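Report on one structure; see the data block that follows.
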Amino acid sequence: MASFGVTVGASQAYAGDDGTVTARLLSFGGMCVNCELSGRKLSESRFLGANFSGASMVGTDLEGASFLGANFSGADLARANLKGATLFGSNFVNADFTDANLSGVEAHGVDLLGANLTRANLKGANMVGASLLRVSGRDTQFTGAELLGAVMTESHFENASFRSASLAGASLASSVFTGADFREASLERTNLNGADLSAAKGLTQDQLDVACGNAATRLPAGLTVHTCKGDSHVVILRSTPGMHGVTPHVVDMEIDDDR
């Protein structure tokens, strides 16, 4: 296990200690590749540019933690509590979030390529511009989530809930949504090219009238969708710094897809 620094006020703690409760942490830095932190109490910790790739954090309490420019690729965060965490600029490629609580996370532009989100709770998550390419999102809760401009292509979202979620400008191309719930979801300028929505729940023609798709888009019987023209993209016009100095805040936006 590579070494890393942990600042805790005037003292230090290490991932390899024997305690089940780690003291209140200010920040983690350096490297802790494949380290073991399962079941630890790390609420409100900060991971600043740290490399925790392959780390085991099963059931770890990370409520309110900040992940800024950190690498958690391949990390095991199954059943972890990340409620209200900040995930800006961090890499969670191929990470495992099975049964994890990510409700209310601030995750603008987070990279979740290939991540396992099975049964994860992402209710109310703010995931503007997030990458959810090739993820497993079966039975995942996105209720009320903000997914503006998110890339959600080539993924599986069977029985997921997108109820009251905003998918404006998002790409759902070539993803499967069997049994997924779209009641009251916003699909304005959402790209549905090749998406399988044939067994999705709660879809209405009004929702589809402001989305677009192609001949490969599969919809419930009786519903249709316009053909996409050009490349959809989200333009963030203005942003303001947040409490950590790096928090993007969408004040206004424009969606341009040449339609």
Side-chain angles (χ1 to χ4, degrees), residues 24-28 37 40-48 52 57-70 72 75-92 95-112 115-132 135-152 155 157 159-170 180-186 234 236 239-251 253:
R24 192 176 191 83
L25 303 175
L26 296 180
S27 63
F28 284 87
L37 285 169
R40 299 302 177 94
K41 303 291 186 180
L42 301 175
S43 59
E44 299 185 21
S45 299
R46 294 185 183 183
F47 298 86
L48 308 174
F52 276 68
M57 305 180 84
V58 177
T60 299
D61 184 1
L62 294 157
E63 183 172 354
S66 297
F67 299 83
L68 306 176
F72 279 78
D76 189 350
L77 290 144
R79 303 192 305 280
N81 177 22
L82 292 98
K83 181 180 180 181
T86 299
L87 310 180
F88 296 144
S90 292
N91 174 0
F92 290 93
D96 187 355
F97 289 98
T98 302
D99 294 312
N101 181 7
L102 295 112
S103 59
V105 295
E106 294 288 337
H108 296 248
V110 68
D111 192 351
L112 292 162
N116 186 353
L117 299 171
T118 302
R119 297 185 301 277
N121 178 4
L122 284 148
K123 291 181 179 179
N126 194 333
M127 305 181 75
V128 172
S131 172
L132 290 93
V135 306
S136 176
R138 294 174 175 87
D139 298 299
T140 304
Q141 290 287 329
F142 291 99
T143 303
E146 176 59 76
L147 292 156
L148 168 68
V151 177
M152 306 170 67
S155 299
F157 294 105
N159 299 314
S161 175
F162 295 95
R163 188 169 185 177
S164 300
S166 174
L167 294 153
D181 185 356
F182 284 90
R183 283 177 291 175
E184 302 177 9
S186 172
V234 175
I236 306 300
S239 63
T240 55
M243 63 181 292
H244 298 293
V246 296
T247 306
H249 173 65
V250 178
V251 178
M253 68 93 178

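Quantities reported herein were computed from a predicted structural model and do not represent experimental measurements. The first residue in the sequence is number 1, and the count goes up from there.
When atom types are taken as modelled, the side chain of T60 and the backbone of L37 share a donor-acceptor pair closer than 3.5 angstrom. S27 places no side-chain N or O within 3.5 Å of a backbone atom of L48 that could act as its donor or acceptor partner. For the pair S66 (side chain) and R46 (backbone), a donor-acceptor distance under 3.5 Å is absent.
Taking CG of D111 as the reference point, atom CG of N91 lies at 5.5 Å (rounded to 0.5 Å). Atom-to-atom distance recorded for M127:CE and E146:CD is 11.0 Å, nearest 0.5 angstrom.
F142 places none of its side-chain heavy atoms less than 4.5 Å from the side chain of L167. In this structure, L62 and L77 have side chains that are in contact, with non-hydrogen atoms separated by less than 4.5 Å. The shortest distance between side-chain heavy atoms of S90 and F72 does not fall below 4.5 Å. Residues T140 and V135 are not in side-chain contact: their nearest non-hydrogen atoms beyond the backbone lie 4.5 Å or more apart.
Among residues two or more places apart in sequence or in another chain, the ring-ring contact (aromatic ring centres under 6.0 Å, His included) test is passed with F97 by F92. Looking at residues two or more places apart in sequence or on another chain, you find a side chain to side chain contact (heavy atoms under 4.5 Å, CB included) between A85 and F67, L82, L87, V105. Contacts of N116 classified as side chain to side chain contact (heavy atoms under 4.5 Å, CB included), with partners at least two apart in sequence or in another chain: D96, T98, T118, S136. Residues meeting the side chain to side chain donor-acceptor pair (under 3.5 Å) test with S103, sequence neighbours left out: N101. With sequence neighbours excluded, the residues satisfying side chain to side chain contact (heavy atoms under 4.5 Å, CB included) with S161 are Q141, T143, R163, D181. Residues satisfying the side chain to side chain contact (heavy atoms under 4.5 Å, CB included) test with N159, not counting sequence neighbours, are D139.
Under the salt bridge (charged side-chain N to carboxylate O under 4.0 Å, His left out) criterion, no residue pair touches residues 75-87, with sequence neighbours excluded. Within the structure, the salt bridge (charged side-chain N to carboxylate O under 4.0 Å, His left out) test picks out the following pairs touching residues 119-128 (sequence neighbours left out): D99-R119.
Summarising the geometry of A80 relative to M57, their closest heavy-atom pair is CB-O, 3.8 Å, with the distance given to 0.1 Å. When all heavy atoms of L132 and A150 are compared, the pair lying nearest together is CD1-CB, 4.4 Å. Minimum interatomic distance between L102 and A120 (heavy atoms only, all atoms of both residues): CD1-CB, 4.1 Å. The heavy-atom pair separating F47 from A65 by the smallest distance is CE1-CB, 4.4 Å.
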